[in-house]
Colleague: 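After the structure tokens below, expect a handful of questions from me.
Both counts, for ligands and for their atoms, begin at 1 and track the order of listing. Index from 1, following the sequence. Computed from heavy atoms alone, side chains included, the values below leave out hydrogens, waters and symmetry copies.
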Amino acid sequence: MTRNLNLAVLISGRGSNLQALIDACAQDDFPARIAVVVSNRPGVEGLERAQRGGILTETLDHKSYPSREAFEEALHETLGKYPVDLICLAGFMRILTAGFVEKWPDRIVNIHPSLLPDYKGLDTHARAIADGRSEAGCTVHLVRPAVDDGPILVQRRVPILPGDTPGSLAVRVLEQEHIAYPQAIRLLAEK
Ligand code: GRF
């Protein structure tokens, strides 16, 4: 059975994964729609992408809250204004506490630019190249309280080529991210 999922997409910047989700949701047979885009940074490109797509946006600047918990309380309250089935972290650069993650059990997904469990955290491409790996990729996973941890939904692989820089590898992986995220949403909707 396929459900139609209402998504909240959380961003902090460029929003190219958000764009991939906007484009997927524009297809008639895609089992999701974006109810709201939330950014923790004002004025970012991803907010413009959402507005161009006619999607409601909210900006919650984390710097204007006294603590991580206060920010998350505001985030939870904001999300409560929309019919959200699934929270999609798409380049959202804030770590979520266990308290927040536990309020949305199995309802938060993240995209990470490595083949998890390898290379959790930042600078994934530089570390994979420095280790002489022959393969890199991306992972969409359900979010658990530990950072970049949780059941894997979709992984897509790319080769690491001689002469690759973190930048050239990031471009190759990002192309796959844009395929992986809609695939993972479809998987969850059809579950
Ligand atoms: C992506 O590489 C994503 O995997 C990582 O942050 C980057 C965000 O890019 N979590 P964008 O904002 O979606 O363009």
Colleague: In terms of residue, atom name and distance, what is the protein heavy atom nearest to atom 9 (O) of ligand 1?
Modeller: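 For atom 9 (O) of ligand 1, the nearest protein heavy atom comes out as R14 NH2, 3.1 Å.
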
Colleague: Looking at atom 11 (P) of ligand 1, what's its closest protein heavy atom, distance included?
Modeller: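 Answer for atom 11 (P) of ligand 1: S16 N, 3.4 Å.
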
Colleague: How far is atom 10 (N) of ligand 1 from its nearest protein heavy atom, and which residue and atom name does that atom have?
Modeller: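 The closest one turns out to be I111 O, 3.2 Å.
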
Colleague: For the 3.5 Å polar cut-off, considering only N or O atoms, please tell me whether L18 and ligand 1 meet it.
Modeller: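 Min N/O separation from ligand 1 is not below 3.5 Å for L18.
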
Colleague: Set out, in order, the CA-CA distance, both residues' side-chain angles and the distance that settles side chain to side chain contact (heavy atoms under 4.5 Å, CB included) for L18 and I34, then state yes or no.
Modeller: CA-CA 10 Å; L18 163 66; I34 301 175; 4.1 Å; yes

Colleague: Provide, to 0.1 Å, the distance between atom 6 (O) of ligand 1 and the closest protein heavy atom, together with that atom's residue and name.
Modeller: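 Going by distance alone, atom 6 (O) of ligand 1 is nearest to G91 CA, 3.7 Å.
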
Colleague: Could you go step by step and tell me if I108 and F100 meet the side chain to side chain contact (heavy atoms under 4.5 Å, CB included) rule?
Modeller: CA-CA 10 Å; I108 311 177; F100 183 89; 3.9 Å; yes

Colleague: Pick, from G15, G13, A180, the option with the minimum heavy-atom distance to atom 12 (O) of ligand 1.
Modeller: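 It is G15 whose heavy atom sits nearest to atom 12 (O) of ligand 1.
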
Colleague: Considering only protein heavy atoms, which is closest to atom 5 (C) of ligand 1, and at what distance to one decimal place?
Modeller: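 Result for atom 5 (C) of ligand 1: P113 CD, 4.0 Å.
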
Colleague: Are a donor atom and an acceptor atom from the side chains of D131 and Y119 found within less than 3.5 Å of each other?
Modeller: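 Side-chain D/A pair, D131 to Y119: present.
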
Colleague: Flag the pair V143 / W104 as yes when at least one side-chain heavy-atom distance between them is below 4.5 Å, and no otherwise.
Modeller: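 Counting from C-beta outward, V143 and W104 never come under 4.5 Å.
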
Colleague: Relative to each other, are the rings of F71 and F92 parallel, tilted or perpendicular (30° and 60° limits)?
Modeller: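 It falls in the parallel class, under 30°.
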
Colleague: When you measure from atom 2 (O) of ligand 1 to each heavy atom in E177, Q19, H112, M93, which option holds the nearest one?
Modeller: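 Among E177, Q19, H112, M93, the closest heavy atom to atom 2 (O) of ligand 1 comes from E177.
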
Colleague: So, using side chain to side chain donor-acceptor pair (under 3.5 Å) as the criterion, who are the partners of E73 when residues are at least two apart?
Modeller: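 Applying side chain to side chain donor-acceptor pair (under 3.5 Å) to E73 gives none.
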
